[in-house]
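To start, the structure itself, in structure tokens.
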Amino acid sequence: MELETLLAGLNGPQREAVAFGEGPLLILAGAGSGKTRVLTHRIAYLVGTGAARANEILAITFTNKAAGEMRDRVELLVGGRIRTMWVMTFHAACARMLRAHADRLGYTRRFTIYDQADSRRLIKRCLDDLGIDPKRFTPAAVQGQISDAKNKLIDADGYGQIVGSFFEGTVAEVYRRYERELHRMNAMDFDDLLFRAVDVLTMFQEIRDRYTESFRHVLVDEYQDTNHAQYRWLKLLTSERRNVMVVGDDAQSVYSFRGADIRNILTFTDDYPDAHVVKLEQNYRSTQTILDAANAVISNNRQQKPKHLWTELGKGDPIKVRELDDEHAEARFVVAEVERLLDEGTSPAEVAVFYRTNAQSRVLEDTLVRAGISYQVIGGTKFYDRAEIKDAIAYLITLVNPLDAGAFTRIVNSPRRGIGSTSVSRLLGFANTTGMAIWDVAAAPEQVPDLGPPAVRALRRFMASMDGLRERAESGSEIATLVQAVLRDTGYLEALEAERTIEAQGRIENLEELVNVAAEFDASVPDDGVPPAAGEGQTSRLAEFLQQLQLLSDADERSDETGLLTLMTLHNAKGLEYPIVFIIGCEEGVFPHSRALEEGGLEEERRLCYVGITRAERDLYVTSARSRGVFGTRSYGVRSRFISEIPVELTDREELPPRPRAISWSGAAKREWTGERNDAPAATFGLGDDVVHPSFGDGVVTGVEPGGIVVIRFAADRSERKLLAEVAPISKR
DNA sequence: CCGATAGAGTTTTTT
DNA sequence: ACTCTATCGG
């Protein structure tokens with residue numbers, strides 16, 4: 001490999017970044033500025049110049065797909081396999097470290113990874129066990145609190161010390177129990193992977209030394225999306241050698257709800273005052289019109305590193321801005337436009353439609369189906385989230401990690417075998433009080449008090465088939481055949497076949513697909529390679545397979561090969577590009593999302609808009625609907641502020657005739673909807689309006705209902721109140 | 001123990 | 001509009 005060819009074709013700043021020597025390096029990479037190129041070329045350059053061997057490089061991405069692509073591209077550049085290089089996500093890298101050192105934390109290397117749904121179920125159980133009302137303390141809210149704490153590396157005790165409210169006090173209690181349960185079940189949730197990895201590196205100097213010595217160069221993509229735990233983890237791995245390169249764009253930080261802390265990228269140079277900074281501002285993707293729009297929108301944010309995208313590609317066409325009557329008209333417009341483009345010879349794969357929330361895809365999908373256009377949706381319900389797949393995986397987990405009561409309870413009565421919820425509670429309760437593993441309790445059911453004889457008999461039969469499967473798993477059977485055996489021996493498949501419904505048939509097909517996935521895994525080379533830090537023994541193939549499944553996300557399943565029109569959320573769009581892009585649902589309350597507005601997340605919503613705009617290469621459409629069905633009722637919105645932030649001269653706008661202010665809801669619109677006569681004066685409040693009330697304080701309009709009622713969420717006590725617009729003393733801010 | 005029914009809550013975004 | 005939950009009757 002020629003070093004010269006690695007630098008050829010790069011612009012000045014890119015070349016500077018690729019050829020940079022030792023020390024901290026910050027790359028501020030604007031959208032479409034070729035950051036992946038810089039990353040991959042730099043890795044190849046480091047290997048090519050002998051600055052680092054393949055196994056001395058740690059390259060971190062956020063999705064498995066990005067990691068896979070990075071690996072492929074680097075292999076092309078260096079002209080050979082780089083199996084020993086750590087190119088993976090934060091979570092995968094942490095999981096790998098933890099498997100090697102699990103015993104130090106009182107775990108076994110076969111620990112289970114809990115995804116968000118698994119974790120939520122466990123939290124729900126903790127709430128139940130503690131006798132907490134799940135209405136007042138929803139599992140989701142408690143989970144959010146715990147997750148936030150973990151992302152900040154605050155453990156249950158630490159959290160208990162900083163509680164400032166009754167709610168937090170309760171969360172602290174749940175947090176403690178949740179942690180105890182996870183540990184007892186030899187399980188970790190997503191956040192634990194990071195937290196525990198930091199623990200290992202902090203508590204055991206010799207382990208940390210091994211990794212810091214071994215990783216000569218560390219590179220991180222999408223640095224603006226890192227949270228505090230990830231920051232600490234990186235710091236622990238890099239503070240000795242200080243060869244850390246982070247690449248990111250503060251304008252594309254859109255994951256704060258998941259604990260991402262934009263300060264990590266904004267203060268990198270405070271952490272490393274000698275850091276070299278390279279800005280990539282030349283864009284190779286979009287027309288100048290699109291970039292001007294993106295620059296204009298993002299300039300409304302205060303907190304940012306100034307950047308100005310430019311291109312040599314020329315001005316291009318104006319941005320098409322359209323306003324439609326409702327979401328159906330919006331969908332029809334998009335579909336008609338797509339049909340026109342296809343007639344002109346555009347390939348469907350060149351077109352993408354972005355929306356704020358997954359729920360928005362439905363109307364569009366209906367319209368596309370009726371028009372006979374095939375499409376793919378990224379996100380939504382994932383393959384691995386389907387109940388039958390989760391069941392099959394839970395069976396496999398039970399074989400690998402007999403301590404995992406979560407997996408066990410999931411499958412013990414699926415298919416139905418007469419072990420109902422009361423019996424399961426008794427088993428769990430017994431395991432809880434005796435401290436026994438759930439598997440051992442089930443293996444000797446007669447010792448459990450109050451367990452009915454039919455339940456004992458059913459458990460015996462169940463455990464007999466599980467024992468057989470266990471032996472098969474231990475003997476190192478191929479995973480595909482093991483999955484088939486599980487489905488057969490447990491009666492799972494039989495129960496589905498007996499249903500004789502279309503749905504059941506679909507489930508069977510999904511399970512067959514899982515067998516295929518397993519077969520592919522069987523055929524693949526063990527990813528072990530030669531671990532740079534010794535001490536990573538062989539993990540069982542089955543455990544490895546399960547880990548791979550559990551760390552998979554829907555961002556990973558999108559394929560560019562399908563040749564289809566693509567639908568996805570704006571979040572999922574990050575990192576992608578399409579010649580033609582539609583951004584739909586640009587209304588206040590939808591985008592920017594009302595909940596983000598309440599929580600002061602407007603700037604992040606704007607960054608999301610920036611992400612959306614900068615995905616477009618050639619043509620950009622931005623649409624809004626006057627009304628939209630939400631929660632089964634119709635709500636009337638106002639065009640998104642983001643539309644007005646795009647300079648008019650960059651756009652080609654078609655708007656509906658102005659709607660008289662008076663029909664916001666209480667006037668004509670109400671008559672139209674309720675059939676009632678009502679000449680009451682007009683309410684002049686729209687969704688998303690900022691209002692102020694003399695006694696409740698500042699608030700935001702979250703809904704407008706018939707009868708001149710406005711729903712307002714007040715910032716002070718986060719309460720939502722319904723007020724009569726004409727009589728309540730509210731005014732716009 | 002299981003299925004049907006009614007009722008409530010739900011929609012941000014995800015490794 | 002839809003899905004998950006709690007409750008009841010078999």
Side-chain angles (χ1 to χ4, degrees), chain A residues 60-67 88-95 113-117 119-121 124 128 134-135 138-141 143-144 147 150-151 188-194 222 225-227 229-230 253-260 327 354-363 366 378-382 384-385 387 413-425 452 454-455 458 547 550-557 568-574 585 589-599 601 604-605 607-609 611-612 628-635 702:
Chain A
I60 294 293
T61 62
F62 265 83
T63 66
N64 295 295
K65 181 166 188 248
M88 54 187 91
T89 65
F90 275 106
H91 294 267
C94 289
I113 298 170
Y114 271 26
D115 68 16
Q116 184 164 342
S119 144
R120 186 164 297 182
R121 212 172 306 119
K124 174 133 195 328
D128 289 345
K135 293 259 166 50
T138 65
Q143 180 181 40
S147 176
K150 286 187 177 183
N151 287 157
M188 299 195 204
D189 64 21
F190 279 159
D191 303 319
D192 282 338
L193 294 176
L194 303 168
E222 307 277 17
D225 288 327
T226 50
N227 61 33
Q230 290 160 335
S253 163
V254 292
Y255 284 113
S256 74
F257 65 90
R258 209 173 73 195
E327 72 272 30
F354 304 150
Y355 35 79
R356 180 62 234 269
T357 65
N358 278 308
Q360 288 171 259
S361 75
R362 251 197 57 207
V363 175
D366 288 348
I378 308 302
T381 13
K382 306 175 240 174
Y384 296 100
D385 267 355
N413 199 33
S414 175
R416 302 259 122 91
R417 29 177 99 84
I419 307 166
S421 55
T422 15
S423 299
V424 174
S425 300
Q547 169 171 324
Q550 286 157 336
L551 291 180
L552 219 56
S553 76
D554 42 315
D556 300 322
E557 72 193 45
M568 70 181 95
T569 63
L570 285 151
H571 280 87
N572 264 317
K574 200 163 65 124
V590 178
F591 185 41
H593 196 275
S594 52
R595 231 172 109 181
L597 289 174
E598 288 162 34
E599 287 161 17
E604 178 147 321
E605 294 289 297
R607 291 194 289 268
L608 195 53
C609 184
V611 167
R628 185 171 292 278
V630 57
F631 290 155
T633 54
R634 188 136 293 272
S635 83
T702 57

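We name chains A, B, ... by the order of the sequence lines, and we start the count at 1 in each one. As the structure is a computational prediction, the values presented were derived from the model and not from experiment.
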Closest approach to the side chain of [X], judged atom by atom: which nucleotide of [options] is it?
{"X": "A:Asn572", "options": "B:dT14, B:dC2, B:dT11", "answer": "B:dT14"}
{"X": "A:Phe257", "options": "B:dC2, B:dT13, B:dT15", "answer": "B:dT13"}
{"X": "A:Thr63", "options": "B:dT15, B:dT11, B:dT14", "answer": "B:dT15"}

On the nucleotide B:dT13, are OP1 or OP2 found under 4.0 Å from the side-chain N or O atoms that A:Asn358 carries?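 Yes, such a contact exists.
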Would you please confirm or rule out a distance under 4.0 Å between OP1 or OP2 of B:dC2 and any side-chain N or O of A:Asn413? yes
Most 5' of A:Arg417 and A:Thr569 on DNA chain B, judged by nearest nucleotide: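 Here A:Arg417 is the residue nearer the 5' end.
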Could you check A:Arg416 against A:Thr138 and say which one's nearest nucleotide on DNA chain B is further toward the 5' end?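 Whichever sits nearer the 5' end wins; that is A:Arg416.
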If I take atom [atom1] in residue [X] and atom [atom2] in nucleotide [N], what distance separates them, rounded to the nearest angstrom?
{"X": "A:Gln143", "N": "B:dT14", "atom1": "CD", "atom2": "P", "answer": "15 Å"}
{"X": "A:Arg120", "N": "C:dC4", "atom1": "CZ", "atom2": "C1'", "answer": "13 Å"}
{"X": "A:Ile378", "N": "B:dT15", "atom1": "CD1", "atom2": "P", "answer": "12 Å"}
{"X": "A:Gln116", "N": "B:dT13", "atom1": "CD", "atom2": "P", "answer": "10 Å"}
{"X": "A:Glu598", "N": "B:dT11", "atom1": "CD", "atom2": "P", "answer": "14 Å"}
{"X": "A:Leu193", "N": "B:dT14", "atom1": "CG", "atom2": "P", "answer": "19 Å"}
{"X": "A:Glu599", "N": "B:dT11", "atom1": "CD", "atom2": "P", "answer": "14 Å"}
{"X": "A:Arg362", "N": "B:dT11", "atom1": "CZ", "atom2": "P", "answer": "15 Å"}

Between A:Glu327 (side chain) and A:Gly629 (backbone), is there a donor-acceptor pair under 3.5 Å?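 Yes: the side chain of A:Glu327 pairs with the backbone of A:Gly629.
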Base, sugar-phosphate, or nothing for A:Phe591, non-hydrogen atoms under 4.0 angstrom?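 Answer is nothing: A:Phe591 stays at 4.0 Å or more from every strand.
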Counting the atoms with a prime plus P, OP1 and OP2 as sugar-phosphate, which does A:Phe62 contact under 4.0 Å by heavy atoms, base, sugar-phosphate, or nothing?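 Since only primed, P, OP1 and OP2 atoms lie under 4.0 Å of A:Phe62, the category is sugar-phosphate.
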What distance, rounded to whole Å, do you find between the two C1' atoms, one in C:dA6 and one in B:dT11?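 These two C1' atoms come out 23 Å apart once rounded.
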Show your working on ring-ring contact (aromatic ring centres under 6.0 Å, His included) between A:Phe257 and A:His593 and close with a plain yes or no. CA-CA 13 Å; A:Phe257 65 90; A:His593 196 275; over 10 Å; no
How far apart are the C-alpha atoms of A:Asp189 and A:Lys150, what are their side-chain angles, what is the distance that settles it, and do they pass the side-chain contact (heavy atoms from CB on, under 4.5 Å) test? CA-CA 10 Å; A:Asp189 64 21; A:Lys150 286 187 177 183; 2.7 Å; yes
Listed by chain and number, what are the side-chain hydrogen bond (donor to acceptor under 3.5 Å, both in side chains) partners of A:Gln230, not counting sequence neighbours?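 So A:Gln230 forms no side-chain hydrogen bond (donor to acceptor under 3.5 Å, both in side chains) with any residue.
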Non-neighbouring partners of A:Glu222 that pass salt bridge (Lys or Arg N to Asp or Glu O under 4.0 Å), sequence neighbours left out: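 With neighbours one apart ignored, the set is A:Lys35, A:Lys574.
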